[in-house]
Amino acid sequence: MSAFGTVFMPEMAIAWFDGSSWSQPEVVASDSIQLHPGAHVLHYSSTCFEGLKAFRHADGSIKVFRIDRNMARFAQSSELLSLPAIDSAMSTKMVLDLVARFASDVPEPPGSMYIRPTHFGTEAAIGKAAAPSMSSCQYVLLSPVGDYFAGGDACLRLLLEDDMRCAAHMGRVKSGGNYASALGPILRARKEHQADQVLFCPNGDVQETGAANFLLIDGDEIITKALDDSFLHGVTRDSILTIARDLGMTVSERSLSVDELIERAAKPGCEAALSGTAAVLTPVGTLIHQGKEITVGSGKPGATTIKLRQTLNDIQWGKAEDRHGWLTSL
Ligand SMILES: *Cc1c(COP(=O)(O)O)cnc(C)c1O
């Protein structure tokens, strides 16, 4: 099977902002983008993206999950990067029209169509280190993806780092530079600790990993950092918390210190997981802190983690009622 995100549909939707208005979106070949080497994005990282999925239901219909949330975040990221404003209605239509064009390519469950809207500054101006790009481009790429858990339910190893993932005011922006800045620590953690990911905990405050939110599940309580500017507000995080409330669990959105995490994680029955669109909810089995390894609960995928993930998948695949109106038809 191909690695996640390496297979693309042959065409993408694209629109250009010329400094005053957006062009009519077009469908063009997925490899047909032309940029000036002086484009703002290539020098000053004026870029943001989104990740959402379309699902094939048993009746053959295709539904897109929580597109309103992703488009709102896309608009917010664009604004926080001082990119031209996107027109959310136009961007939403670009996504839905493109998915409809490739509806027959949306994989059967447990696969799905991963959707990657992207927006970046195109102005050819290498003297604009401290000024925004007046022109920009947005496109939507589609990538059919298989079962993320095809290899079985491996539990992740997380290295706890007393470090920031990105600049504190940029956490909730889904922007390229944040990922580049987190790469060094992640590669070091893989090499030196055989860790899968770094859990960034600046000043002992548990934040998130490079591309997923962190949840601690202790019995009937689910604990995760309350929303602030320092980390990415995941749509999966919000969906899992909503499902947890629906199931009668106690949801605690608050600060979680490394000390509390380590103390609670080792208890029998405790679980930890990462949430994100690509991996849905991935169990964490080991925390690595100051040279020590802490096994989370049994070290195996927890029953609550599996149940929450299954409930979310069932809604996405149309096997459970969409009580919150999360699915959009094409
Ligand atoms: C995308 C992302 C997430 C997860 O967001 P979802 O909307 O759930 O996919 C979490 N953290 C970071 C840093 C991300 O980039």
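One-based numbering, in listed order, for ligands and for the atoms of each. One-based numbering along the sequence shown. All of these numbers come straight from a predicted model, not from anything done at the bench.
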Handout entry: Pair R264 + E221, salt bridge at N-O below 4.0 Å
Key = yes
Exercise for the section: May I ask you to say whether R73 pairs ionically with E50, meaning some side-chain N is under 4.0 Å from a carboxylate O? Expected result: yes
Identify all N/O pairs between ligand 1 and the protein with a separation under 3.5 Å and present them as a table of atom names and distances.
{"unit_1": "ligand 1", "atom_1": "7 (O)", "unit_2": "R73", "atom_2": "NH1", "d": "2.8"}
{"unit_1": "ligand 1", "atom_1": "7 (O)", "unit_2": "R73", "atom_2": "NH2", "d": "3.1"}
{"unit_1": "ligand 1", "atom_1": "7 (O)", "unit_2": "V235", "atom_2": "N", "d": "2.7"}
{"unit_1": "ligand 1", "atom_1": "8 (O)", "unit_2": "V235", "atom_2": "N", "d": "3.3"}
{"unit_1": "ligand 1", "atom_1": "8 (O)", "unit_2": "T236", "atom_2": "N", "d": "2.9"}
{"unit_1": "ligand 1", "atom_1": "8 (O)", "unit_2": "T236", "atom_2": "OG1", "d": "2.7"}
{"unit_1": "ligand 1", "atom_1": "9 (O)", "unit_2": "T277", "atom_2": "N", "d": "2.9"}
{"unit_1": "ligand 1", "atom_1": "9 (O)", "unit_2": "T277", "atom_2": "OG1", "d": "2.6"}
{"unit_1": "ligand 1", "atom_1": "11 (N)", "unit_2": "E208", "atom_2": "OE1", "d": "2.6"}
{"unit_1": "ligand 1", "atom_1": "11 (N)", "unit_2": "A212", "atom_2": "N", "d": "3.4"}
{"unit_1": "ligand 1", "atom_1": "15 (O)", "unit_2": "K174", "atom_2": "NZ", "d": "2.7"}
{"unit_1": "ligand 1", "atom_1": "15 (O)", "unit_2": "Y179", "atom_2": "OH", "d": "2.2"}

Handout entry: Stacked cation flag R69 on F74, 6.0 angstrom / 45 deg
Key =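 Ring-cation test returns no.
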Handout entry: Test of ring centre spacing under 6.0 Å for Y179 and F49
Key =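 When the ring centroids of Y179 and F49 are compared, they turn out to be within the sub-6.0 Å range.
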Check: residues 98-107 side-chain donor-acceptor pairs under 3.5 Å, at least two apart:
{"unit_1": "R101", "atom_1": "NE", "unit_2": "E11", "atom_2": "OE1", "d": "2.8"}
{"unit_1": "R101", "atom_1": "NH2", "unit_2": "E11", "atom_2": "OE1", "d": "3.2"}
{"unit_1": "R101", "atom_1": "NH2", "unit_2": "E11", "atom_2": "OE2", "d": "3.4"}

Practice task
Go through the side-chain N and O atoms of N313 and Q316 and say whether any donor and acceptor fall under 3.5 Å apart.
Solution key: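 Result is yes, a qualifying pair exists.
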